[in-house]
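Remarks on the structure that follows.
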There are 2 protein chains.
Amino acid sequence: MQAIFKTRKCCIFIQLFQHFPGTHTGNQTNMKRQITIKDIATKLGLSTSTVSRALKDHPDISPKTRTAVKELAGLLGYRPNRIALNLRNNSTRTIGLIIPEIEHYFFSAIINGIEEIAYKNDYSVMVFQSNESYKREVINTQAVLTNRVDGVLVSFSKETNDFSHFQKLIDNEIPVVFFDRTTEELPADQVVADDYQGAFIAVNHLIEKGCKKIAHFAAPQNLQIGKSRLSGYHDALLKHNIPFRHDLVHLADTYETAKKTAHDILRKPDAPDGFFAVNDMSAIAIIKAAKELGKRVPEDVKVVGFENSKSSAISDPELTTIDQFGFDLGREACIMLLKRLKEGDDVEFKPIKKVIKTKLVVRSST
Amino acid sequence: MQAIFKTRKCCIFIQLFQHFPGTHTGNQTNMKRQITIKDIATKLGLSTSTVSRALKDHPDISPKTRTAVKELAGLLGYRPNRIALNLRNNSTRTIGLIIPEIEHYFFSAIINGIEEIAYKNDYSVMVFQSNESYKREVINTQAVLTNRVDGVLVSFSKETNDFSHFQKLIDNEIPVVFFDRTTEELPADQVVADDYQGAFIAVNHLIEKGCKKIAHFAAPQNLQIGKSRLSGYHDALLKHNIPFRHDLVHLADTYETAKKTAHDILRKPDAPDGFFAVNDMSAIAIIKAAKELGKRVPEDVKVVGFENSKSSAISDPELTTIDQFGFDLGREACIMLLKRLKEGDDVEFKPIKKVIKTKLVVRSST
DNA sequence: TTTTTTATTTCAATCGTTTGCAATCATAAA
DNA sequence: TTTATGATTGCAAACGATTGAAATAAAAAA
């Protein structure tokens, strides 16, 4: 009851408060303008330069003025104006992130990794989504330019085949690091998962579990990850002397297309007994389709995904998948970018490609 | 096979390329500094003011100089320096977003909505995650201040009970709009889903489907959403003359806690036949637990979630849930913030609370 | 007492852009 | 020819902080 009363009281306060909002913000009108170094200077009868130096413990400043300045600064709640500093230093301590879609678990995991590193190094992150649209991505690169970010992290859209908009960033001396979806056509750093290895161990696992006929649901082949995972699939088959068959490879990297394709395939008499999907969503769609057609997973059909998303752990049966370590990938990409920002233009540029090892996570779908 | 060969070729190209990266970036050193209005001015023998005015079609400028300036500007690829403008206008055209965790589908949907509106209005979004930590959230509000964003959108962490850090933003005359997780303790705008209504129709649905004993997996009660959904649950029961029982309400708003709690409850002889979970993840955990205990969903146990996440559509059986319309919620919050930014300080401030209606999405878990 | 040294502090320019006001020039009116 | 008019353009200050160089004051040396 006590608690309730407290709340009530609080409510009344709010009510009153909301009727007279002016009274509260009224005395804030003199706060309207952020207080500057100049304010401190005039109040203390000093010049702005002295105040500036006092605040950063410059040895030229006498202890008396130093303490006086710092005291007043603290009292007034002075915060240096970042914008002014940005202008002077020609740097915003901001990094731009161009990404297809936040709502994929993999990308949000990457963002977490990026943010951790950025945060530790006092950088902020500006996020721009391309929504898998090339056109939007081009606009994003412009936005990144006008916002004068110090560097950019990019995973490009599925539609992107031309990279001149990124070249423009490089021309403007803005360091760019590509991650996950990368290209060799630009002189820029890259951080990628070991897609080839991941695909290889995934398919290898399926074969060892007894699969004789393994289908691959692939990503578009303009993406490097699409190519690499396909070739990992290809080579794992070869290792076990299973012939590679074109008709077992299907372009299906979304839940919807994968579900439809899986339905079509599994209905046929000599349907595959194993599936390696380019991502978890496709894999889950395959499981769903199989169950709908009365096939048991993993007894009749085994499925391996790629991502190790949250969904892979909640699907039924739980999905065997390849962990891409999105968080680490994001961390590494950000670390690489910050390194470039630190070294500046003095060093001769030599693109680095960092590969993050992947790992098989065995669950009940195989 | 053709495809594979293509890949090989590409690999060779890469190898060559990485050996001679210098040749590509070599001629970019003369582009180092961004070109400014001053460059155009000196090249044309004009003053910076004239160039500035010419670029924005000021009527005072003669057609000749105007075209000359614009031509040269286009040729040199001039882009106004946003930082300088920021300083002059005391505005960054940036909004700060403080959010618990991007990786929840609901929040990423909200971000999409926010970004759409921001993008249309030529604003950029800076993202700060609190990771459900109060301490980190306080730091985020400081970061938002030093970055001099024009306004802030906030959904606070589960740990947050003290709101003085947000009051500080308001004191600094930075408009703040709270969404989803909000408070009445601050004079600020709010955008929330109709949590009460959502909970009510969810539980009502369970009762109509024949459930006699319905448990609620709730969110922490310091969050308004926790309270509202509980009271929706409460009132729906009352409407059907079902007594509200304290022992049927459990704090379980994550997959892990929900799974454990559901296991405990469902093992008992007089287990509930219906569950209303505060979010989809908890709901899916309940389904999982039920299946593991040999109970059939929806025959023995019916489950309703809250969110309408991607996962709710892929769970098996597919989850009946409440659509929160995260995208629209994000849109509305951003629209509200931009409106505040436009009106400035001249209008007397009166906090607005916008409620987004929710919707029952019936699937196979009920 | 004058000069030199040292300790503090201030001046002024800079970053890139905008904008009120003054200045210049040519043309038209007186 | 002189003055008023209008069309262009330039000057300089402003936004807030930093920094090399100059200036001032105070203390020390001559």
Side-chain angles (χ1 to χ4, degrees), chain A residues 31-70 72-73 76-94 122 145-150 172-173, chain B residues 31-70 72-73 76-94 122 145-150 172-173:
Chain A
M31 272 183 136
K32 200 167 295 184
R33 207 174 43 82
Q34 286 278 336
I35 91 121
T36 73
I37 231 171
K38 210 179 194 169
D39 299 323
I40 301 177
T42 46
K43 257 179 213 183
L44 253 44
L46 292 170
S47 71
T48 57
S49 16
T50 306
V51 175
S52 168
R53 280 190 255 253
L55 287 171
K56 22 184 51 192
D57 291 321
H58 194 287
D60 275 4
I61 304 302
S62 73
K64 274 168 284 175
T65 48
R66 192 206 326 277
T67 49
V69 166
K70 284 195 173 178
L72 186 60
L76 299 178
Y78 166 76
R79 321 186 110 253
N81 185 323
R82 179 76 147 253
I83 307 178
L85 289 174
N86 287 348
L87 181 59
R88 178 149 234 282
N89 305 331
N90 199 33
S91 143
T92 53
R93 282 201 95 74
T94 296
D122 195 28
L145 270 177
T146 67
N147 278 290
R148 289 295 206 279
V149 299
D150 291 351
N172 277 281
E173 303 250 318
Chain B
M31 274 181 137
K32 204 166 297 190
R33 206 175 45 83
Q34 287 275 337
I35 91 122
T36 73
I37 233 172
K38 210 178 193 172
D39 298 323
I40 301 177
T42 46
K43 260 184 207 178
L44 252 45
L46 292 169
S47 71
T48 57
S49 20
T50 306
V51 174
S52 169
R53 281 188 257 253
L55 287 171
K56 25 183 49 189
D57 292 320
H58 194 287
D60 277 2
I61 303 301
S62 73
K64 272 168 286 174
T65 49
R66 191 205 328 276
T67 50
V69 165
K70 284 196 172 177
L72 186 59
L76 298 179
Y78 167 77
R79 321 185 109 254
N81 186 324
R82 179 75 148 255
I83 307 178
L85 289 175
N86 288 347
L87 180 60
R88 180 150 232 285
N89 304 332
N90 199 32
S91 142
T92 52
R93 282 200 95 74
T94 295
D122 195 27
L145 270 176
T146 68
N147 277 289
R148 288 297 208 276
V149 298
D150 292 351
N172 277 281
E173 304 249 319

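Just so it is clear, the values below take in all heavy atoms, side chains as well, and ignore hydrogens, waters and symmetry mates. First the proteins, then the strands, lettered A, B, ... as listed; each starts at 1. This structure is a prediction, so every number in the text was calculated from the model and none was measured.
- When distances are taken from the side chain of B:Ile37 to each of D:dG16, C:dC11, C:dT18, the shortest belongs to C:dT18.
- Interface remark: the A:Ser49 side chain does form a donor-acceptor pair with the C:dC11 base, using a distance-only criterion of under 3.5 Å.
- For D:dC15, one of the phosphate oxygens OP1 or OP2 lies less than 4.0 angstrom from a side-chain nitrogen or oxygen of A:Lys38.
- Between B:His58 atom NE2 and C:dT17 atom C1' there is a gap of 14 Å when expressed in whole angstrom units.
- Atoms CG (A:Leu87) and C1' (C:dT17) sit 9 Å apart, rounded to a whole Å.
- Among the nucleotides D:dT8, C:dT9, D:dT19, the one closest to any side-chain atom of A:Ile61 is C:dT9.
- In this structure, B:Leu85 places its CG atom 13 Å from C1' of C:dC15, rounding to the nearest Å.
- For A:Arg79 and D:dG16, a side-chain-to-base donor-acceptor distance below 3.5 Å is absent, hydrogens and geometry of angles not being considered.
- Remark: P of C:dT9 and CG of A:Leu44 are 11 Å apart, rounded to the nearest angstrom.
- The phosphate of D:dT9 (OP1 or OP2) has a side-chain N or O of B:Ser62 nearer than 4.0 angstrom.
- Enclosure of atom NZ in A:Lys43 is not indicated, since only 12 or fewer non-hydrogen atoms of other residues, nucleotides or ligands lie within 6.0 angstrom.
- For the pair B:Arg93 and B:Asp122, the tightest heavy-atom approach, listed with the atom from each and the gap, is NE-O, 3.1 Å.
- Among the atoms of the strands shown, none is found under 4.0 Å from any heavy atom of A:Ile83.
- Annotation: of the two residues near DNA chain D, B:Pro59 and B:Asn89, the 5′-most nearest-nucleotide partner is B:Pro59.
- In this structure, A:Ser47 does not reach the C:dT9 phosphate: none of its side-chain N or O atoms is under 4.0 Å from OP1 or OP2.
- We find the CG-CD distance between B:Asn172 and A:Gln34 to be 4.5 Å, quoted to the nearest 0.5 Å.
- As a whole-Å value, the separation of B:Asn90 CG from C:dT19 P is 14 Å.
- D:dC15 atom C1' lies 18 Å from atom CZ of A:Arg82, rounded to whole Å.
- Distance from the side chain of B:Arg88 is smallest for C:dT18 among the nucleotides D:dA17, C:dT18, C:dT10.
- The CG atom of B:Asn86 sits 11 Å away from the C1' atom of D:dC15 (whole-angstrom rounding).
- A close approach under 4.0 Å does not occur between any side-chain nitrogen or oxygen of A:Thr65 and OP1 or OP2 of C:dT8.
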Assess the residue pair A:Leu44 and A:Leu72 against the criterion (side chain to side chain contact (heavy atoms under 4.5 Å, CB included)); give the C-alpha distance rounded to whole Å, side-chain angles, the decisive distance to 0.1 Å, and a yes or no. CA-CA 9 Å; A:Leu44 253 44; A:Leu72 186 60; 3.3 Å; yes
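- Along DNA chain D, the nucleotide nearest to A:Asp60 and the one nearest to B:Thr48 differ in position, and the one closer to the 5' end is contacted by B:Thr48.
- A side-chain contact (heavy atoms from CB on, under 4.5 Å) with A:Thr92 holds for exactly one of A:Leu87, A:Asp150, A:Asn147, A:Leu85; it is A:Asp150.
- Remark: the A:Arg53 side chain and the C:dT10 base include a donor-acceptor N/O pair separated by less than 3.5 Å.
- When the options A:Ile37, A:Thr50, A:Ile61, A:Leu55 are evaluated for a side-chain contact (heavy atoms from CB on, under 4.5 Å) with A:Val69, the one that passes is A:Leu55.
- Within the nucleic acid shown, A:Thr36 comes within 4.0 Å of sugar-phosphate atoms alone, with no base atom in reach, counting heavy atoms only.
- As rounded to whole Å, 13 Å separates atom P of D:dT19 from atom CG of A:Leu55.
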